[in-house]
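Shown next, in structure tokens, is the structure this report addresses.
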Protein chains: 2
Amino acid sequence: MTAVPPDSGTLGAPASARDRFDRMHALLRTRICLLDYAPGTRLSEEALAAEFGTSRTPLRRVLARLEGEGLVHSVHGVGTFVTDVEVEELAQTYRLRLELAELTGRLDPVPPDAALWGAFRDLSARAHGFGPDPDPRAFAELIMDFFVALMRLTANEPLREICERLYFRTTRIWLKSVFARRLDLVEEVDVFRREVDDILRALRIGDLASAALIQRAHISMSFERMRKGVSTTNSAL
Amino acid sequence: MTAVPPDSGTLGAPASARDRFDRMHALLRTRICLLDYAPGTRLSEEALAAEFGTSRTPLRRVLARLEGEGLVHSVHGVGTFVTDVEVEELAQTYRLRLELAELTGRLDPVPPDAALWGAFRDLSARAHGFGPDPDPRAFAELIMDFFVALMRLTANEPLREICERLYFRTTRIWLKSVFARRLDLVEEVDVFRREVDDILRALRIGDLASAALIQRAHISMSFERMRKGVSTTNSAL
DNA sequence: TCAGATATAGATGTGCACAACAACGCAATA
DNA sequence: TATTGCGTTGTTGTGCACATCTATATCTGA
């Protein structure tokens with residue numbers, strides 16, 4: 001036998017330090033955005049390090065990154081906490097996201113390749129596969145996957161990076177509003193199905209700018225529904 | 001005497017961990033953007049830690065942040081290197097910066113307060129204070145300070161953060177072009193003086209949108225001069 | 001009973017020693 | 001002479017013990 005490098009597992013990836021970092025980062029980000037860790041939750045460095053089978057040192061690097069992205073906040077001697085999100089505070093971020101969404105259709109748009117078409121078909125099937133009583137978390141995950149897929153329609157790397165950064169910072173407010181009954185989940189599912197269908201229709205005729213405008217409109221309307229949800233709740237008290 | 005907290009120095013700041021981090025981060029970022037560390041330079045963690053009087057651990061945190069901002073790149077077992085910048089690669093980033101500059105005049109613009117007016121007066125004085133043979137580094141520092149001051153004209157925090165992020169990632173190419181004689185420094189100084197004067201004129205009549213458009217135009221023209229500088233050099237060979 | 005100082009517990013931040021890894025040089029060999 | 005293998009060296013990544021800091025509970029005295 002020739003010398004075989006220490007492959008830790010079934011196949012392929014030698015699991016480099018960077019890969020571990022990316023995996024931990026993506027997983028924690030997903031948990032925060034899907035409210036597995038509610039805003040205000042304290043994240044124990046020791047517990048997370050034990051879960052990932054490492055020491056605190058690499059994990060702290062991940063938390064530092066998440067702090068730079070505005071998802072957690074560390075205080076010396078107290079703890080690391082998931083940041084909170086409020087509708088009114090996010091108004092600035094949403095206005096910016098509107099403009100950036102439109103830019104994805106104007107700056108370096110690229111038509112979908114075969115792989116991306118396949119991804120869109122799967123996403124559409126998932127969107128239409130939800131029953132009358134959908135699981136909010138699973139649906140939020142679908143929305144997230146759809147957003148990431150849409151980002152592949154622009155070749156402008158910095159724009160993509162910024163859009164995703166802002167998305168992950170704001171998306172929790174939607175799921176939070178659903179749980180707080182300020183949004184009607186069934187209506188949200190219906191609206192999302194129409195958004196997917198409309199955007200795919202625009203993409204099929206190669207009109208990426210219109211696809212971006214449709215996305216922009218839905219981001220705007222989604223935010224307005226959340227704001228109205230707040231005032232409705234208030235006036236109903 | 002009542003108990004006095006252990007003040008480490010002359011006055012005020014107790015120099016918390018976060019303050020140290022911010023200072024190290026800002027200083028290294030400035031050095032990279034002002035080409036004190038040329039692209040490709042290897043940054044020694046040990047040497048930098050010694051310079052700041054700490055161990056590698058806090059310094060590594062700073063380097064990790066800089067890597068997230070695209071200013072350095074670490075490779076296990078090799079070193080941490082200042083990233084390189086090429087005019088053609090930055091085309092996407094510049095197109096994005098154009099759009100974002102315009103947004104600063106449309107999204108949450110705020111007129112200058114007394115302090116900001118004072119800052120602008122100082123900046124204008126510095127701009128007109130350069131002689132016939134200006135120091136490129138000092139002039140680049142002035143441009144940087146002016147940009148940061150302009151960012152105070154929008155109250156949209158996420159927009160400000162993103163604009164600065166992209167600025168620090170692209171600004172080195174200007175100074176690099178000056179050193180490579182692809183840009184004429186005297187002409188650049190003249191152009192910058194006009195930019196400052198024009199923007200301040202727009203601000204005095206309260207037209208922040210026009211100020212942003214002027215800035216946008218100058219970013220665009222600056223990039224074009226750099227591109228032309230490349231082709232001119234090439235055709236002159 | 002209440003105000004304030006103090007001890008305690010538990011968290012993040014830091015320093016140091018070592019592991020993992022990559023580049024280089026050098027020598028042995030076909 | 002070209003090439004392959006290996007040891008050396010220097011770097012980043014990791015683990016662990018300890019320092020530093022904050023919030024809470026407890027004790028003390030009026």
Side-chain angles (χ1 to χ4, degrees), chain A residues 1-9 12-25 28 32 37 40-83, chain B residues 1-9 12-25 28 32 37 40-83:
Chain A
M1 294 288 185
T2 58
V4 172
D7 194 349
S8 65
S16 72
R18 182 140 318 204
D19 293 334
R20 270 198 300 274
F21 176 88
D22 290 338
R23 268 206 309 276
M24 291 193 287
H25 173 71
L28 290 184
I32 292 172
Y37 300 139
T41 303
R42 192 176 68 75
L43 300 182
S44 166
E45 294 184 351
E46 203 123 10
L48 288 175
E51 177 189 342
F52 291 119
T54 71
S55 76
R56 281 177 55 212
T57 309
L59 184 94
R60 280 174 57 74
R61 203 166 158 155
V62 175
L63 291 181
R65 174 78 127 235
L66 290 172
E67 182 166 25
E69 295 168 343
L71 296 180
V72 304
H73 179 66
S74 294
V75 182
H76 188 185
V78 181
T80 301
F81 302 91
V82 176
T83 54
Chain B
M1 293 288 186
T2 56
V4 172
D7 193 348
S8 66
S16 74
R18 183 145 316 220
D19 292 335
R20 270 199 299 273
F21 175 88
D22 290 337
R23 267 207 310 276
M24 290 192 288
H25 172 71
L28 290 184
I32 291 171
Y37 300 139
T41 303
R42 194 177 65 76
L43 300 182
S44 167
E45 295 185 350
E46 202 123 9
L48 288 175
E51 177 189 341
F52 291 119
T54 72
S55 78
R56 280 178 55 211
T57 308
L59 184 94
R60 279 176 58 75
R61 205 166 157 154
V62 175
L63 290 181
R65 174 80 125 232
L66 290 172
E67 183 166 24
E69 295 168 344
L71 296 181
V72 304
H73 180 66
S74 293
V75 183
H76 187 183
V78 181
T80 302
F81 302 91
V82 176
T83 55

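Computed from a predicted structure; not experimentally measured. These numbers come from the heavy atoms of this one structure, side chains and all, not from hydrogens, waters or symmetry mates. Per chain, numbering begins at 1; letters A, B, ... match sequence-line order.
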Validation: residues 72-80 of chain B side-chain donor-acceptor distances under 3.5 Å, sequence neighbours left out:
residue : atom : partner : partner atom : Å
B:Ser74 : OG   : B:Thr80 : OG1          : 2.9

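- Evaluation of the side-chain contact (heavy atoms from CB on, under 4.5 Å) rule for A:Ser55 yields A:Thr57, A:Pro58 as partners, not counting sequence neighbours.
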Check: Base, backbone or nothing for each nucleotide of nucleotides 4-17 of chain D, written B, S, -, heavy atoms under 4.0 angstrom, 5' to 3'?
Finding: ------BBBBBBB-

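- Partners of B:Glu45 according to the salt bridge (Lys or Arg N to Asp or Glu O under 4.0 Å) rule, which considers only residues two or more places apart in sequence or in another chain, are B:Arg56, B:Arg60.
- Evaluation of the salt bridge (Lys or Arg N to Asp or Glu O under 4.0 Å) rule for B:Arg65 yields no partner, not counting sequence neighbours.
- Following rounding to the nearest Å, B:Phe21 (CZ) and D:dT20 (C1') show an atom-to-atom distance of 19 Å.
- Annotation: side chain to side chain donor-acceptor pair (under 3.5 Å) contacts of B:Glu46 (sequence neighbours excluded): none.
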